[in-house]
Amino acid sequence: MMPAARESLLDAAYAALARRPWSAVRMVDVAVVAGVSRQTLYNEFGSKEGLARALVRREADGYLVGVERALTAHGDARERLTAAAEWTAVSARENALVRAMLTGCWGERLPSPTLSAVPSSSAVPAQRRADGPLPSPGDFVALVRDRAVSVLAGPGVHKADVPELARSCELAVRLALSCVVAPPGEGGIADLVRSALHRQFA
């Protein structure tokens, strides 16, 4: 299958999920909106669970691409971590699947794919990847923390300072997740993260 058709199917599934609970999303409707046959949809994803896993994987990847963009933007380390934290909060507010992945709270309207790997019946590489384990909230903390450390621990950072940098990066990620669950008041997430990281990057 062409990657464009796969994306169209995932877009159609995402749009359907915005309008109704996942339990009420029908494979035939997703196929019609994407302009392919229902058989093509089943050939690509194997089942509704396979479609859900692929959709969750795509949204996870999109979130992580945004984190990468924030961490490699201009500015000092504190500003980059603040940008990553803000992206986390915005993503969770705008995307119910990202929010569920980051908090572990899936809710009745959403698919609830098992996070562990499932037997792969697909020859499609992208689907085999979706059949692998899906990230848990703890996995996201580790992924973002480790990526932040690798980006921010440039040539100017002494090796002995890396553990402290890792703690600061994890603090920023965990602050962002707390703001997803309980949105901050005036000043927002940026003020919280900048204040928390002030000592580390002063």
Side-chain angles (χ1 to χ4, degrees), residues 7 10-11 14-15 17-18 54-107 109-113 115 129-130 132-202:
E7 282 302 305
L10 292 171
D11 287 344
Y14 186 84
L17 181 59
L55 184 59
V56 167
R57 170 67 69 185
R58 183 183 76 163
E59 301 310 306
D61 289 347
Y63 162 70
L64 291 170
V65 165
V67 166
E68 179 80 14
R69 202 165 39 238
L71 290 172
T72 54
H74 297 298
D76 61 18
R78 190 168 58 157
E79 285 308 310
R80 292 188 202 186
L81 284 170
T82 300
E86 288 181 305
W87 166 252
T88 296
V90 167
S91 299
R93 188 169 59 242
E94 295 177 354
N95 187 321
L97 289 173
V98 170
R99 181 182 178 87
M101 283 184 277
L102 292 174
T103 62
C105 302
W106 286 87
R109 289 188 55 83
L110 299 176
S112 52
L115 295 179
R129 186 159 172 273
L134 296 172
S136 69
D139 294 332
F140 275 110
V141 170
L143 281 165
V144 176
R145 177 201 64 214
D146 294 349
R147 186 64 195 125
V149 170
S150 70
V151 169
L152 300 176
V157 174
H158 194 274
K159 203 167 191 162
D161 294 332
V162 170
E164 187 61 33
L165 176 62
R167 279 192 291 277
S168 296
C169 292
E170 180 157 341
L171 174 63
V173 178
R174 292 189 177 279
L175 265 175
L177 293 186
S178 75
C179 291
V180 166
V181 176
E186 197 175 333
I189 189 170
D191 280 1
L192 274 177
V193 174
R194 285 190 191 105
S195 299
L197 298 178
H198 177 69
R199 189 170 299 144
Q200 168 68 31
F201 298 113

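Computation of the quantities below employed the complete heavy-atom set of this structure, encompassing side-chain atoms and omitting hydrogens, waters and symmetry-equivalent molecules.
- Taking CG of Asp139 as the reference point, atom CE of Met101 lies at 12.0 Å (rounded to 0.5 Å).
- Here CG of Leu197 is found 6.0 Å from OG of Ser168. Values are rounded to the nearest 0.5 Å.
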(request) In sequence, state the C-alpha distance, the side-chain angles, and the governing distance for Leu177 and Thr103, and then conclude on side-chain contact (heavy atoms from CB on, under 4.5 Å). (result) CA-CA 7 Å; Leu177 293 186; Thr103 62; 5.9 Å; no

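- Across every non-hydrogen atom of Ala166 and Val149, the tightest pair is CA-CG2, 3.5 Å.
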(message) Set out, in order, the CA-CA distance, both residues' side-chain angles and the distance that settles side-chain contact (heavy atoms from CB on, under 4.5 Å) for Glu68 and Thr72, then state yes or no.
(response) CA-CA 6 Å; Glu68 179 80 14; Thr72 54; 3.9 Å; yes

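- A 4.5 Å side-chain heavy-atom check between Cys169 and Leu152 finds at least one atom pair inside the cut-off.
- Taking the side-chain hydrogen bond (donor to acceptor under 3.5 Å, both in side chains) definition, one finds that Glu86 meets it with nothing, sequence neighbours left out.
- Summarising the geometry of Ala60 relative to Pro135, their closest heavy-atom pair is CB-CG, 4.3 Å, with the distance given to 0.1 Å.
- A salt bridge is defined here as a Lys NZ or Arg NE, NH1 or NH2 lying under 4.0 Å from an Asp or Glu carboxylate O, and Glu94 with Arg99 fails to meet this definition.
- The aromatic rings of Trp87 and Tyr63 sit parallel, their planes meeting at an angle under 30°, below the 60° perpendicular limit.
- Contact detail for Leu71 and Val144: the closest heavy-atom pair is CD1-O, 4.5 Å.
- For the atom pair Leu10 CG and Glu59 CD, the distance stands at 8.0 Å (nearest 0.5 Å).
- Heavy atoms only, all atoms of each residue included: Leu175 and Leu192 are closest at CD1-O, 4.0 Å.
- Expressed to the nearest 0.5 Å, how far NE2 of His74 lies from CD of Glu79 amounts to 13.5 Å.
- Using a 4.5 Å cut-off on side-chain heavy atoms (C-beta onward), Leu17 and Leu97 make contact.
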(request) Apply side-chain contact (heavy atoms from CB on, under 4.5 Å) to Phe140 and Val173, showing your working. (result) CA-CA 9 Å; Phe140 275 110; Val173 178; over 6 Å; no

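- Every side-chain hydrogen bond (donor to acceptor under 3.5 Å, both in side chains) that Ser150 has, sequence neighbours left out, goes to Arg147.
- A salt bridge links Arg167 with Glu164: the distance from a Lys NZ or Arg NE/NH1/NH2 to an Asp or Glu carboxylate oxygen falls below 4.0 Å.
- The two residues Arg129 and Arg57 have their closest heavy-atom pair at NH1-CD, 3.4 Å.
- No side-chain heavy atom of Pro111 sits less than 4.5 Å from a side-chain heavy atom of Leu55.
- Between Arg69 and Val65 the shortest side-chain heavy-atom distance falls below 4.5 Å.
- Residues Val180 and Ala89 come closest through the heavy atom pair CG2-CA, 4.0 Å.
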